[in-house]
There are 2 protein chains.
Amino acid sequence: MRHRCDVQCNHCSLKPKLTKEITGTRDYNPKQMAIREKVFNTIISCFKRHGAETIDTPVFELKETLTGKYGEDSKLIYDLKDQGGELLSLRYDLTVPFARYLAMNKITNIKRYHIAKVYRRDNPAMTRGRYREFYQCDFDIAGQYDAMIPDAECLKIVYEILHELDLGDFRIKVNDRRILDGMFAVCGVPDDKFRTICSTVDKLDKMSWEDVKKEMVNEKGLSEQAADQIGEYVSMQGGMDLAEHLLQDQKMSQSKQACAGLSDIKLLFSYLQLFQVTDKVVFDLSLARGLDYYTGVIYEAVLTQAGSTEESVSVGSVAGGGRYDGLVGMFDPKGRKVPCVGVSIGIERIFSIMEQKAEVSAEKVRTTEVQVMVASAQKNLLEERLKLTAELWNAGIKAEVMYKKNPKLLSQLQHCEESGIPLVAILGEQELKDGVVKLRVVATREEVSHTVDIHTAPHLRTI
Amino acid sequence: MRHRCDVQCNHCSLKPKLTKEITGTRDYNPKQMAIREKVFNTIISCFKRHGAETIDTPVFELKETLTGKYGEDSKLIYDLKDQGGELLSLRYDLTVPFARYLAMNKITNIKRYHIAKVYRRDNPAMTRGRYREFYQCDFDIAGQYDAMIPDAECLKIVYEILHELDLGDFRIKVNDRRILDGMFAVCGVPDDKFRTICSTVDKLDKMSWEDVKKEMVNEKGLSEQAADQIGEYVSMQGGMDLAEHLLQDQKMSQSKQACAGLSDIKLLFSYLQLFQVTDKVVFDLSLARGLDYYTGVIYEAVLTQAGSTEESVSVGSVAGGGRYDGLVGMFDPKGRKVPCVGVSIGIERIFSIMEQKAEVSAEKVRTTEVQVMVASAQKNLLEERLKLTAELWNAGIKAEVMYKKNPKLLSQLQHCEESGIPLVAILGEQELKDGVVKLRVVATREEVSHTVDIHTAPHLRTI
């Protein structure tokens, strides 16, 4: 037994440390897992309703696969230690692995979802539901199709999911990279300033226009006049009508890019009308998403009033995405492009809202699905309890029995109340003689039936 | 657009490499995912039937948490690069994180399952379904309970899962660490040779007794006589009767440890009889599992004839586990022990068998669950198709529509056949006039109905 003793000793030294969690990560306890499962089920059944397949990729990619995809944020990538073999990094998102997968397998069209954890060496603000290890939940449509049809389905999916999750009122902002670029061009922004000005515009949801303008002019050296022209445009919100209006706009109509984007927005809205989701969708010229790889339509869903949760958890965007027609080509030896459009559901933020809701609301979150507890009032009935429990399991019924020879009836009932088990089957000498089982509703203590044939167990099945 | 162009260039250099997969890992394609989902559903519903909760832990643990737990195999642990902050390693199994979780949260009883990927820098033999990134699927019962009741439930669970997965005939070998240690003692194995002799015995499923004996005597310096005595014992197989017989055995009965183990085996079998699983369970004294942390009963399930798959995929053990009453204490500052018993389902091996089966069998694996395709025979009906599809989605029906303005009817039907969509709803001018939809069974081309009110859509719902 020397070895076990060795192991013991190895550990004394480590014990003090083991009470601390790793920065930016968390264990999920059963209650959190129950909420997580509920959210996943809603989202996955929506993806399946729309005919999506699913794939999975390794948690790590070749370091070089991730290099140069995330601009400045590349410093947030987790690398694995070089222990011989390939240099590996933990995936930073699911989009780059998806593009790598398509190129590697020469797949030219697929509708897939992928729900998995990604890793970023970020400074996490736990309260806002941000972690270093967190879930991403992506739905993407790859393939050469007629304009805006898959794009419209992505928005329909965001609408369905946010509606079903019942997180409160929401709005889906829509814009197009080509409209932004065209707008910058006609407002006289130099080509090499497009991206930096774009990222300033992106701050409009957090900063006032005055501050945004200051940054453009003072920090980024844009002319007062150009800034003011941008200011006019980015204050515009509307629907198909706004797109129509801007197509007639003197300045905007000079940009081919902008016009292409604007007519696609018009087309998009016509499909969104057929999908009956235009009540939540707004064409918003101030929407400019960070990522570089977007090439067309972009969108972002925000909760407009999450009620009581709003104050406590500031959630912001709960979904976002867009069209990226160039990314897959980056991984293809011949640079063959595969047009893609997709959406990422902000699942971690949704988790924290749901967890908040669960805490606020009185109703208890069940962490098991047990339908019936097999109990006994008298001693020495362990064998009968085990036998009945096994018969219930074999009949496909979710059942539990206490791992004690002679548990008290009270403690058996208490366990039911604590874990929300609705029914208790009580065995007693008399019942065994009569070949019956007392079935009781735990909450009311009221008896359901005197005789239950547990092979058909009608009362149990109807739970 | 300079930036995007930069990114492009970054990538030229990498392209050649991107066609190679990372050693010991794999992407799961939609077909593999469909099989994986089916297997998981069977296993998870069994765990839930037995009242298990689930938890999740981060993919990495503090390096020190894993140190000294896996003996020689520690060299297979993946470390993360030191980029500042804690030193981290990828989890090697789910048992150590579970024990860490219990100690950290001072949990003294829980019945939980955990399905997640673990990481080992192993030399993978892909054909045998071994990878560097692979799933583990663990069910464990922690808590101070009456002897052998949770242990029996673990075996019942293995039985149910292997039975439901229908992988062919199987057998569950059972033994007890205390019986092995007692046996070694009474056979005159010196204390400090227990483990090394134990690992030689462990080879009996691959080596003949002669070779095992040679290794004991020639390599490990055990006396001929001791080896022969061990040989007699490890050839024994049986049930409760064998345990009874060994309790009377002159030599064996001298060891308190052995007797404790033997009476527990007797008790275990009495419970297994109540669970009606004794037909597959055998008490086998040659079973000695590698891991050090086992303290009591141990078990392993093997497929005895996996039929046609047997030749191609040599699967060996498909589940294993046992009792480990000391592990949690290693993580508790005060060394408080929490008795645990658990089982790990060899999910990756089960995947490869199922994938094999799927390839052998003719029937096509569906990768989506789409019930109906909304198609049209004539041109210019895109809007009507999108409208109907949205109504189906809103009615909770899994529906697809082609992202083309004017797809050919043939190509729409071909898509149904390729992806196994059972029904096609065909729109035409006439039907639209009459306010009806033609619903056709794809396989037979036969018409289901002339008028479908898609708000109740009876024919679709019954799919």
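In the text below, chain A, chain B and the rest are named by the order of the sequence lines, each starting its count at 1.
- Of the possible donor and acceptor atoms, one in the side chain of Asp146(B) sits under 3.5 Å from a partner among the backbone N and O of Lys405(A).
- There is no contact between Ala147(B) and chain A, counting heavy-atom distances below 4.5 Å.
- Using modelled atom types, no side-chain atom of Glu383(A) and backbone atom of Leu274(B) make a donor-acceptor pair closer than 3.5 Å.
- By number of non-hydrogen pairs under 4.5 angstrom with chain B, the leading residue of Val401(A), Ile141(A), Ile107(A) is Ile141(A).
- Interface check for chain A: of the options Glu400(B), Lys404(B), Glu369(B), His50(B), the most heavy-atom pairs under 4.5 Å are formed by His50(B).
- Residue Leu327(B) does not touch chain A at all, counting heavy-atom pairs closer than 4.5 Å.
- Heavy atoms of Val277(B) lying under 4.5 Å from chain A are absent altogether.
- Classified by interplanar angle (parallel below 30°, tilted 30° to 60°, perpendicular above 60°), the ring pair Tyr403(B)/Tyr145(A) is perpendicular.
- At a 4.5 Å heavy-atom cutoff, Glu164(B) makes no contact with chain A through either its backbone or its side chain.
- In this structure, chain A has no heavy atom under 4.5 Å from any part of Glu384(B).
- Heavy-atom distances place no part of Arg112(B) under 4.5 Å from chain A, backbone and side chain included.
- Between the side chain of Gln83(A) and the backbone N or O of Ile77(B) there is at least one donor-acceptor pair closer than 3.5 Å.
- Side-chain atoms of Glu133(A) come within 3.5 Å of backbone N or O of Val59(B) as a donor-acceptor pair.
- Both the backbone and the side chain of Lys387(B) come within contact range of chain A, judged by heavy atoms closer than 4.5 Å.
- Contact annotation for Ile421(B): neither backbone nor side-chain heavy atoms come within less than 4.5 Å of a heavy atom of chain A.
- Heavy atoms of Glu153(B) lying under 4.5 Å from chain A belong exclusively to its side chain.
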